2 protein chains.
Amino acid sequence: MDKQTITIYDVAREADVSMATVSRVVNGNANVKPATRKKVLDVIEKLDYRPNAVARGLASKKTTTVGVIVPDVTNMYFASLARGIDDVATMYKYNIILTNSDSNIEKEVKVLNTLLSKQVDGIVFMGNEISDKLREEFKRTKTPIVLAGSVDEQNLNPSVNIDYVAAVQEEVKNLIDRGNKRVAFVCGPLEQAINGKFRLEGYKRALKSAGIPFDDKLVFETDDTYKTGTLLQPALMSVNATAAMVTDDELAAGIMNGMSDAGITVPDQFEVITSNDTKLTEMVRPKMSSITQPLYDIGAVAMRLLTKLMNNEEVDEKKVLLPYGLMKRESTK
Amino acid sequence: MDKQTITIYDVAREADVSMATVSRVVNGNANVKPATRKKVLDVIEKLDYRPNAVARGLASKKTTTVGVIVPDVTNMYFASLARGIDDVATMYKYNIILTNSDSNIEKEVKVLNTLLSKQVDGIVFMGNEISDKLREEFKRTKTPIVLAGSVDEQNLNPSVNIDYVAAVQEEVKNLIDRGNKRVAFVCGPLEQAINGKFRLEGYKRALKSAGIPFDDKLVFETDDTYKTGTLLQPALMSVNATAAMVTDDELAAGIMNGMSDAGITVPDQFEVITSNDTKLTEMVRPKMSSITQPLYDIGAVAMRLLTKLMNNEEVDEKKVLLPYGLMKRESTK
DNA sequence: GATTTATTTGAAAACGTTTTCAGTTTGCTG
DNA sequence: CAGCAAACTGAAAACGTTTTCAAATAAATC
């Protein structure tokens, strides 16, 4: 009836050695005579013994599991990061517990705590904003936490990102250089540091060095959704914008489609640049020009960094900035 | 230096009760005098005690964790299912360990085994095909496994899907009724039962009841990628197809864009129907007509089913078929 | 071949819970 | 207020590993 599991003890008995020895061979410990090793291995094979990772976790205080907190896997941007994370996690023999937070502050805190109670060895956090409450929790725990594609103004945790300020600044400069006097900045919630502190800053700097005064009528704070994008055309027109720097690909796709549907041609009458270079940029017509980010790599590097932290290795650089690029496609002139 | 963790024993001592009692209040067991409960709760609060889920798992043989095997989270279709799974998992206090298999047979088997060694309480599997090896592993374990959006010809595991045969048949019938004499069937690998056994069957049935002979020149077996889709236009034209039933949204988007780029207008000169109704269908121009599947719900229902199985509850229907729909958008006449 | 040193091994104590079973209280009943 | 059932509580044994420490064995040295 019952699970009828083979334990390390069964193997020990059958192989006529102690549990300790079995444990050693299972863990590849060198201090075991080759003959003994073979004997044990044979029994393991014969009995089809599989170590119980939970017991192992309790005894060793390591679960080889890391927690991954993500706003929504359904979002291409985060899905790509998650994929990078999982791949290098697998490479280092970790599994990931994936949780969606919907960027909800309470949920984030709650989920963090259940991950900790599950004794994960580390956590990679993705989120648009780190609430004070969450930051407190981060501080409280000894479990290493790294941020992937997410910034914290207070810079307390290791993180991997691109230089959002520089990327946006460069793109907006290009837009201006091409003759756009009124470039809109369409972004997600400004209370999120990545938008309110970094990208907006890049936008302002580009304006400044072009000698164009900042006009807050040109900044559109949205909820980052496709739908919202489709509805933005009238507002954009009413402020005489001729181009938009957009912080999310779905949002940008919405804007473009909204424009097209209203008879405005992109890029001739309106230029659009987006920020995440997800594959959506290629699927939409015209294809969207974008800041390119090494999405997969951001996840992968974050996870790699985490493995070092979990291993108590020295890390030279806790703030890693991966290179970004500018991909000209068809939504810009 | 060390983690300095508060254990149940610390709470017991401080509250002057036994571990058993603390355990009871933590687990909401009714047999505790209210006064005692309060006393313990206060100490828990004061000491900030957090139960160790690993120890709990070992003692209770339940981990409140389920494994989720998915070909690739980066694929919208699966990401949506995964989201549904996670949401109802959370609802029932489970966490999910998410692993990407790339539909690789060895990887699937390997990952299944590591999930089992981690003592997950259940597994939801998504995959295009169930290899014999994998099926054997499925049979070996007592851990409940349900398939989400995935069919197994041998029908051994509970699953949740839509009626792929009927859906495709219906869509192809519509295409034929609208005057298309040569409807292409563009699909992923035919060795995958979902394509080779189900969708293709629907296609054939539609043909048959319209009295059109099956022509295998009209079936295009692909790898389900956007890129491949963009390259298909010449082949499609060369067999005089005037419409295509496509089994994947990204693939379909590729086909449409390939057509447009070649100057063929959709839907006037070529109609396209796709199968998964991911949000991509709305973002592309023209918007794609699609079979609609309750993606999120497929995941959600699968997870709900799994909770019942894990709980040893009776389940009336092990093969659940959720309703599909047909969404007419702009890629069909 | 007696020592010394290195290599292998095993016994038993963790790890932090849940759970069983017996014992203790408490509350009722008449 | 005896007697009995019901409600509550605690001791201790799991759960299946890892790890420490000492003991046993083998190898090396002179």
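Letters A, B, ... mirror the listed sequences (proteins, then strands); counts begin at 1. All values reported here derive from a predicted model rather than from experimental measurement. Any value given below was found using the heavy atoms of this structure, including those in side chains, with hydrogens, waters and symmetry copies removed.
Side-chain contact, B:Asn27 with B:Ser23: a donor N or O sits under 3.5 Å from an acceptor N or O.
Scanning both residues, B:Ser159 and B:Asn161, for their nearest heavy atoms gives OG-ND2, 3.6 Å. Closest approach of A:Phe78 to A:Asp72, counting heavy atoms only: CB-O, 3.9 Å. When all heavy atoms of A:Leu309 and A:Pro158 are compared, the closest pair comes out as CD2-CG, 3.8 Å.
For C:dT18, the OP1/OP2 oxygens have a side-chain nitrogen or oxygen of B:Ser23 closer than 4.0 Å. Listed pair B:Tyr49 / C:dT17 meets the phosphate criterion, a side-chain N or O lying under 4.0 Å from OP1 or OP2. Contact check, A:Asn31 against C:dT9: no side-chain N or O comes under 4.0 Å of OP1 or OP2.
Counting only heavy atoms from C-beta on, A:Arg24 has its side chain closest to D:dC21 among C:dG16, D:dT9, D:dC21. For B:Val32, taking side-chain heavy atoms from C-beta onward, the closest of the listed nucleotides C:dG16, D:dT9, C:dT18 is D:dT9. Minimum atom distance to the side chain of A:Lys33 is reached by C:dT8, of the listed C:dT8, D:dC15, D:dT9. Taking the side chain of B:Pro34 as heavy atoms from C-beta on, and the options D:dG10, D:dT18, D:dC8, the nearest nucleotide is D:dC8. Taking the side chain of B:Ala20 as heavy atoms from C-beta on, and the options C:dT18, C:dG16, D:dG10, the nearest nucleotide is D:dG10. The side chain of A:Thr5 approaches D:dG16 more closely than any other nucleotide in the set D:dG16, C:dT8, C:dT17. Relative to the side chain of A:Thr21, the nucleotides C:dC15, C:dT9, D:dT9 differ in distance, and C:dT9 lies closest. When the nucleotides D:dG16, C:dT18, C:dT8 are ranked by their closest atom to the side chain of A:Thr36, C:dT8 comes out on top.
Backbone-only engagement by B:Thr7 is indicated by non-hydrogen atom pairs under 4.0 Å involving sugar-phosphate atoms exclusively. Note on B:Arg37: nothing from the nucleic acid sits closer than 4.0 angstrom, heavy atoms only. Among the atoms of the strands shown, only primed sugar atoms or phosphate atoms (P, OP1, OP2) are found under 4.0 Å from some heavy atom of B:Asn52. Within 4.0 Å of A:Val54, counting heavy atoms only, lies no atom of the nucleic acid at all.
A donor-acceptor contact shorter than 3.5 Å links the side chain of B:Asn52 to the backbone of B:Ala55.
Residue A:Ile8 contributes atom CD1, which lies 15 Å from atom C1' of C:dC15 at whole-angstrom precision.
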